[in-house]
Each structure stands twice: as structure tokens, then as C-alpha cells.
Amino acid sequence: KPGILPLDETIVKQCRRCGATFTTKSRIRKRCDACQEVVSLEKQKKANARLKARRAAKRRAALAAKSN
């Protein structure tokens with residue numbers, strides 16, 4: 001593993017999604033800008049779906065408790 005790099009140094013990395021090489025100052029990034037945007041949108045959709053499912057389950061539980 002490389003040591004801690006100064007923040008102003010740019011690194012050439014390879015995208016883990018499409019394989020393209022890109023330069024970045026971040027040691028954390030693993031995807032190029034285009035792939036990062038796509039993955040962020042996918043994650044947001046999944047999070048919204050989980051939230052909707054949780055709210056629907058809460059509503060069903062409240063209705064079931066009310067009818068009993």
C-alpha cells in the first residue's frame with residue numbers, strides 16, 4: 001500500500017466499473033466521473049425504494065392494529 005499522499009498530488013486510477021483511467025486528487029475514489037454519477041443515481045433509487053417499503057409496512061401495521 002502506498003503511504004499517505006499529500007492532498008495536492010494527483011493520482012492516475014482505473015475505474016472499477018468501466019476500466020477507464022482517470023486522474024483524481026482523492027485516494028478514496030474508485031470510479032470515473034461518469035460511472036460515479038450512474039452509481040449514485042442507482043443507490044439513491046434503492047434507498048428511496050427501501051424508504052417507501054418501510055413506510056408502507058408501517059401503514060399496514062397501523063391499519064392492522066386499528067382494525068383489531
Side-chain angles (χ1 to χ4, degrees):
K1 280 186 173 179
I4 305 257
L5 300 170
L7 286 174
D8 59 337
E9 188 167 333
T10 56
I11 312 161
V12 176
K13 287 191 165 190
Q14 190 170 12
C15 177
R16 68 159 37 163
R17 194 163 189 266
C18 68
T21 55
F22 64 100
T23 57
T24 181
K25 290 189 177 193
S26 170
R27 294 181 289 275
I28 300 163
R29 291 199 49 205
K30 293 176 175 66
R31 297 178 193 90
C32 63
D33 289 333
C35 289
Q36 184 62 49
E37 198 169 317
V38 170
V39 169
S40 292
L41 288 173
E42 287 173 355
K43 283 187 176 182
Q44 190 63 51
K45 276 184 184 176
K46 286 181 182 177
N48 286 340
R50 280 194 305 270
L51 184 63
K52 283 182 182 177
R54 199 178 322 134
R55 286 180 179 162
K58 225 181 220 182
R59 266 195 304 269
R60 282 193 301 268
L63 285 173
K66 208 180 224 185
S67 65
N68 285 340

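Please read all numbers here as calculations on a predicted model, not as lab measurements.
- Closest heavy-atom contact between S26 and T24: N-OG1, 3.0 Å.
- By the 4.0 Å N-to-carboxylate-O rule, R17 lies close enough to E42 to be salt-bridged with it.
- Counting all heavy atoms, side chain and backbone alike, R27 lies closest to K13 at O-NZ, 3.0 Å.
- Distance CG/L63 to CZ/R59: 8.5 Å, rounded to 0.5 Å.
- In this structure, K30 NZ and C35 SG are separated by 14.5 Å, a value rounded to the nearest 0.5 Å.
- S40 pairs by the side-chain contact (heavy atoms from CB on, under 4.5 Å) definition with Q36, not counting sequence neighbours.
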